[in-house]
Amino acid sequence: MAEGLFGRLGGRGQSSKDAAQSEFEVKLSDTEWRQRLTPEQYRVLREHGTERAGTSPLDKSYDPGIYHCAGCGQPLFDATTKFNSRTGWPSFYAPLDNAIETQSDRSFFMVRTEVHCRRCGGHLGHVFDDGPKPTGLRYCMNGVSLDFHAGEAAPPASAPDDRE
């Protein structure tokens with residue numbers, strides 16, 4: 001019961017179980033994740049936690065570069081898509097191609113769309129439909145789930161498949 005209702009209300013317990021049952025390119029044991037990540041990164045990335053609003057230095061940083069998954073290094077967001085959402089968390093209006101996946105999150109007695117890393121399944125944050133143009137989306141990310149690479153250029157966009 002603690003991991004069920006109360007665990008989900010606190011944002012804990014579900015991610016590690018889901019990740020173990022899912023197929024991701026980067027698959028580590030719980031012990032390996034704990035060795036790789038700080039305690040706060042582990043709580044957010046592996047246990048669906050949320051950092052306190054306003055605590056991430058990445059929230060107010062607008063330097064050029066690429067934001068990567070702090071768990072596996074997957075490039076996630078180009079800084080050119082970052083905007084000040086005034087929420088206290090780093091926010092973006094679009095991810096890089098093939099960087100993230102989403103799923104329904106029914107914690108805290110509401111339905112939201114969770115965002116996780118496509119490569120390792122790490123919990124990054126949530127996406128909402130109140131963002132700026134051109135997408136109208138707000139990818140509200142936990143700063144501890146991100147690793148900023150200043151000055152890095154975005155990888156080239158995927159070319160359309162011409163084999164049809």
Side-chain angles (χ1 to χ4, degrees), residues 1-79 81-82 85 87-108 112-128 137-155:
M1 181 73 168
E3 183 176 298
L5 175 63
F6 297 117
R8 286 301 283 157
L9 290 177
R12 296 186 174 91
Q14 193 65 29
S15 180
S16 295
K17 187 190 306 182
D18 288 350
Q21 295 171 353
S22 299
E23 290 300 319
F24 294 105
E25 290 174 41
V26 175
K27 203 168 200 177
L28 301 176
S29 70
D30 189 60
T31 300
E32 291 169 317
W33 281 120
R34 287 182 187 276
Q35 290 171 345
R36 178 181 279 206
L37 303 170
T38 67
E40 181 68 0
Q41 287 174 322
Y42 181 87
R43 188 181 72 76
V44 170
L45 286 162
R46 307 315 306 167
E47 296 181 324
H48 286 211
T50 301
E51 70 186 350
R52 268 187 320 124
T55 60
S56 174
L58 296 178
D59 181 36
K60 300 296 185 220
S61 174
Y62 294 94
D63 294 334
I66 302 297
Y67 291 83
H68 293 250
C69 174
C72 71
Q74 166 81 14
L76 301 169
F77 296 94
D78 189 318
T81 67
K82 191 168 189 275
S85 65
T87 61
W89 289 281
S91 296
F92 306 84
Y93 63 77
L96 294 171
D97 286 346
N98 202 29
I100 58 113
E101 292 178 344
T102 61
Q103 67 186 35
S104 181
D105 175 1
R106 298 179 181 277
S107 62
F108 297 106
R112 300 178 291 176
T113 302
E114 179 204 354
V115 177
H116 62 269
C117 175
R118 177 204 50 84
R119 195 162 167 245
C120 72
H123 171 74
L124 303 169
H126 292 87
V127 61
F128 303 93
L137 298 174
R138 173 174 52 97
Y139 289 84
C140 190
M141 303 293 100
N142 289 285
V144 297
S145 69
L146 303 173
D147 181 22
F148 181 61
H149 294 207
E152 183 177 47

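- Between the side chain of Arg34 and the backbone N or O of Tyr42 there is no donor-acceptor pair closer than 3.5 Å.
- Considering all non-hydrogen atoms of both residues, Cys120 and Arg46 come closest at O-NH1, 3.3 Å.
- The shortest side-chain heavy-atom distance between Leu45 and Leu124 falls under the 4.5 Å cut-off.
- Residue Asp78 holds its CG atom at 8.5 Å from OH of Tyr93, rounded to the nearest 0.5 Å.
- The line from CD1 of Ile66 to NE2 of His149 is 9.5 Å long, rounded to the nearest 0.5 Å.
- At a threshold of 4.5 Å between non-hydrogen side-chain atoms, the residues Leu137 and Tyr139 count as touching.
- Atoms OG and CD, from Ser29 and Gln35 in turn, are 7.0 Å apart once rounded to the nearest 0.5 Å.
- At distances below 3.5 Å, not a single donor-acceptor pair connects side-chain atoms of Lys82 with backbone N or O atoms of Pro64.
- The aromatic rings of His126 and His123 lie perpendicular to each other, with more than 60° between the two planes, well past the 30° mark.
- Looking only at distances, a side-chain donor or acceptor of Thr81 sits under 3.5 Å from a matching main-chain atom of Ala94.
- The aromatic rings of His116 and Phe24 stand perpendicular to each other, their planes meeting at an angle above 60°, with 30° marking the opposite boundary.
- With hydrogens and angles disregarded, a donor-acceptor distance shorter than 3.5 Å links the side chain of Arg119 to the backbone of Cys72.
- When every heavy atom of Glu101 is checked against every heavy atom of Arg118, the shortest pair comes out as OE2-CG, 3.6 Å.
- The line from CD of Glu32 to CG of Leu37 is 11.5 Å long, rounded to the nearest 0.5 Å.
- Atom OG of Ser145 sits about 13.0 Å away from atom NE2 of His68, to the nearest 0.5 Å.
- The shortest non-hydrogen separation linking Leu96 to Ala154 is CD2-CB, 4.1 Å.
- Minimum interatomic distance between Cys140 and Ser91 (heavy atoms only, all atoms of both residues): CA-OG, 4.0 Å.
- Under the 3.5 Å distance criterion, the side-chain polar atoms of Trp33 are left unmatched by any main-chain donor or acceptor of Gly71.
- With Asn142 contributing its side chain and Glu51 its backbone, the two residues share a donor-acceptor pair below 3.5 Å.
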Discussion item. As a quick check of understanding, evaluate side chain to side chain contact (heavy atoms under 4.5 Å, CB included) for Thr38 and Val144, giving each step before the final call.
Written reply: CA-CA 9 Å; Thr38 67; Val144 297; 5.9 Å; no
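- Phe128 CZ to Thr87 OG1: the interatomic distance, rounded to the nearest 0.5 Å, is 8.5 Å.
- Panel note: side chain Arg43, backbone Thr50; a donor-acceptor pair is recorded below 3.5 Å.
- Counting all heavy atoms, side chain and backbone alike, Gln74 lies closest to Asn98 at NE2-O, 3.5 Å.
- Using bins of under 30°, 30° to 60° and over 60° for the plane-to-plane angle, the ring pair Tyr67/Phe92 lands in the perpendicular bin.
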